[in-house]
**Q** 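What follows is a single structure, and I will ask about it in a moment.
Lettering of chains follows the sequences in order, A, B, ..., and the numbering in each one begins at 1. Heavy-atom basis, side chains included; hydrogens, waters and symmetry copies ignored.
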There are 2 protein chains.
Amino acid sequence: MTQLSRKIRPEDEVEGLDAPALRRLNALGPLDAADRERLRAAMAEARIVPVRHPILTLGRPMPESQILLQGWAARVRILPDGRRQFMSFYLPGDVIGRVHHALPIASATVLALTECVLCTAPAAPAGSSLEQVYAVGEALDEAYLLGHVVQLGRLNAQERIGDFLLEIYERLSLAGLTVGGSFEMPLTQEMLADALGLTPVHVNRMIQQARRDGDLMWKSGRVLLRDPDRTARTIGRLRPQVTGAQPEGGTDTTSEPSRPA
Amino acid sequence: MTQLSRKIRPEDEVEGLDAPALRRLNALGPLDAADRERLRAAMAEARIVPVRHPILTLGRPMPESQILLQGWAARVRILPDGRRQFMSFYLPGDVIGRVHHALPIASATVLALTECVLCTAPAAPAGSSLEQVYAVGEALDEAYLLGHVVQLGRLNAQERIGDFLLEIYERLSLAGLTVGGSFEMPLTQEMLADALGLTPVHVNRMIQQARRDGDLMWKSGRVLLRDPDRTARTIGRLRPQVTGAQPEGGTDTTSEPSRPA
DNA sequence: CGATAACTTGACTATCATCAATACCAGTGG
DNA sequence: CCACTGGTATTGATGATAGTCAAGTTATCG
């Protein structure tokens, strides 16, 4: 690890600062007392990664996997000519850097988008509730990644923004980080553009249109979705669910040509 | 499973038809004799899924994970209005439907793009070489998925096609399914469009331009890449490598704005 | 309160989508 | 052997979505 990590400050240790992460993990599958204690112990040993610093670096050996306790991080790839693409985001309660094979090499750079508080992910004994939680978390990660592909491939700018904000809203809800329909959104429009495969200018225009249409409020790092359900329906967003069957996205999947926005 | 699976026909069992899959698996990490035997046994019990039939269905319970022995399959999502997006492809030697958590529900529909020959993936004893191979395979899958996100988000039509064909070329090479720079490509331009987030018409135009530029030959289901390395370099494609460190995609990943094609 | 980053806006362009024919090609049945 | 058929590929004309360039206008934060 190269980042300038430093010990957590005393003022960060006040009660409940790691509650969102804990709550999120517990939402993936109920944790028993033993695992809860494991997590608490791990969280006591947290550390901070400053904004814009890497948490993992592509091609570099990976340390143990980590739990993000506070802040936002993202997997990013930068092309030789400077184009940048965020591939996925990590929110409080997400596990970063799980590997199952012998070679612990980071397959992507993970960047702290805000100041991040992290702790080592405690090892999960075979058959433990924590092991289930990790597995479910990984499945969710993949589901979001698949969703991102659909977003980039087949949604227009407007839909991408709506879909993205809905996803974030859902994920933050699991951690108890939403208030009403609103939540903290530390991303700049430029970062949003790099997640959605658009330019900052175009993102800006679409956001303003959404504002005019009354779908959205976005002021000083806080987003309010006016009618999440309606938006979700118009996009046909299917929310990943680990706890039951999903509504089918389309119909028979057997045929059907390509017909972009 | 709903597909009309039927027992493999005698004429499919001639020597070596499953060789590509075996070769691909072995390329991920050397298999010892015991695991090789497990695979051989599993492959003896293969079955066929006809073209356009589902191998897994979104939201439905999943059977054991399977190894694709012959043919192409893809994870697909279809939006309510008919837009279709292929999220990833399965080639011979790929494992379909691994799950690690208790709830075996398919997170996407997997469609047979050609007639597919499949077998059950033999269970991998803890610590076996096969377990490593499965894990590496999964890591590769994710790497390709990440690549797909970058492709859709930041590459233009021309680059997407080049990058896609390069990926397929690399993957088929591992299974020994390439001859010189050429390989079988059973996808129609329409399917390609649904993978790359484009329209069939535009894909067609870009392909023809690539042909005129001498980058490409594509005739009756067979593709020949003229100069894979040059193409790879101009796109800045980074090939996922499980066996060593990767060339860094860009520079410091610390800063840099968004600047699409 | 000045400086830097973030956001807005306008004018113009380009890439890609849409619509609509037409050409091609393999397999089918007469 | 050949017309017929359905899927696939190709082409042209036109339009819309999103990108580019460049100049402001706010915020935000030492």
**Q** Between atom CZ in A/Arg83 and atom P in D/dG19, what is the gap in whole Å?
**A**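 Rounded to whole Å, this separation is 12 Å.
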**Q** Using every non-hydrogen atom in the two residues, find where A/Leu68 and A/Ala73 come nearest and quote the distance to one decimal.
**A**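 So the minimum-distance heavy-atom pair works out to CD2-N, 4.2 Å.
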**Q** Side chains of A/Gln158 and A/Arg205 only: does a donor on one sit below 3.5 Å from an acceptor on the other?
**A**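 A/Gln158 vs A/Arg205: no donor-acceptor pair found between side chains.
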**Q** CG of A/Asn204 versus P of D/dA18: gap in Å, rounded?
**A** 14 Å
**Q** How close or far is atom P of D/dG7 from atom CE of B/Met191, stated in whole angstroms?
**A** 13 Å
**Q** So, B/Glu115 and B/Arg52, do they make that salt bridge, N to O below 4.0 Å?
**A**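 Result for this pair is no, no salt bridge flagged.
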**Q** Over all strands shown, is A/Arg211 touching base, sugar-phosphate only, or nothing at heavy-atom distances under 4.0 angstrom?
**A**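 Sugar-phosphate: the residue A/Arg211, judged by heavy atoms under 4.0 Å, touches backbone atoms but no base.
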**Q** Taking the basic N atoms (NZ, or NE/NH1/NH2) and the acidic carboxylate oxygens, is any pair closer than 4.0 Å for A/Asp215 and A/Arg226?
**A**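 No, no charged N to carboxylate O under 4.0 Å.
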**Q** Please list, by residue number, the residues of residues 179-189 of chain A whose heavy atoms come closer than 4.0 Å to an atom of DNA chain C; answer none if no residue qualifies.
**A**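 Residues of residues 179-189 of chain A under 4.0 Å from DNA chain C: A/Thr188, A/Gln189.
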**Q** Contact between B/Tyr144 and B/Glu167 at the side-chain level, heavy atoms closer than 4.5 Å - yes or no?
**A** yes
**Q** May I have the distance from A/Asp194 (atom CG) to C/dC7 (atom P), rounded to whole angstrom?
**A**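 Taking CG of A/Asp194 and P of C/dC7, I get 12 Å after rounding.
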**Q** What is the distance, rounded to the nearest whole Å, between atom CG of B/Leu192 and atom P of D/dT10?
**A** 12 Å
**Q** Can you tell whether the side chains of B/Arg171 and B/Asp94 come within less than 4.0 Å, N to carboxylate O?
**A** yes
**Q** Between atom CE in B/Met206 and atom C1' in C/dA17, what is the gap in whole Å?
**A** 12 Å
**Q** Name the one of A/Gln189, A/Arg84, A/Gln85 that satisfies side-chain hydrogen bond (donor to acceptor under 3.5 Å, both in side chains) with A/Asp194?
**A** A/Arg84
**Q** Name all residues meeting the side-chain hydrogen bond (donor to acceptor under 3.5 Å, both in side chains) criterion together with A/Ser182; count only those two or more places apart in sequence or in a different chain, and write none if there are none.
**A** A/Arg222
**Q** Using nucleotides 10-13 of chain C, report all nitrogen or oxygen pairs with the protein that are shorter than 3.5 Å.
**A**
unit_1: C/dG10; atom_1: N7; unit_2: A/Arg205; atom_2: NH2; d: 2.5
unit_1: C/dG10; atom_1: O6; unit_2: A/Arg205; atom_2: NH2; d: 3.1
unit_1: C/dA11; atom_1: N6; unit_2: A/Arg205; atom_2: NH2; d: 3.4

**Q** What integer distance in Å separates A/Arg52:CZ from C/dT4:C1'?
**A** 12 Å
**Q** Would you mind reading off the distance between B/Glu190 atom CD and C/dT18 atom P, rounded to a whole angstrom?
**A**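 That distance rounds to 13 Å.
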**Q** A/Gly221 or B/Trp218: which one's nearest nucleotide on DNA chain D is closer to the 5' end?
**A**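 Nearest nucleotide further toward 5': that of B/Trp218.
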**Q** Would you mind telling me which residue lines up with the more 5' stretch of DNA chain D, A/Val203 or A/Lys219, judged by nearest nucleotide?
**A** A/Val203
**Q** Are A/Phe164 and A/Phe89 near enough that their ring centres are under 6.0 Å apart?
**A**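 Close enough - the centres of the two rings lie under 6.0 Å apart.
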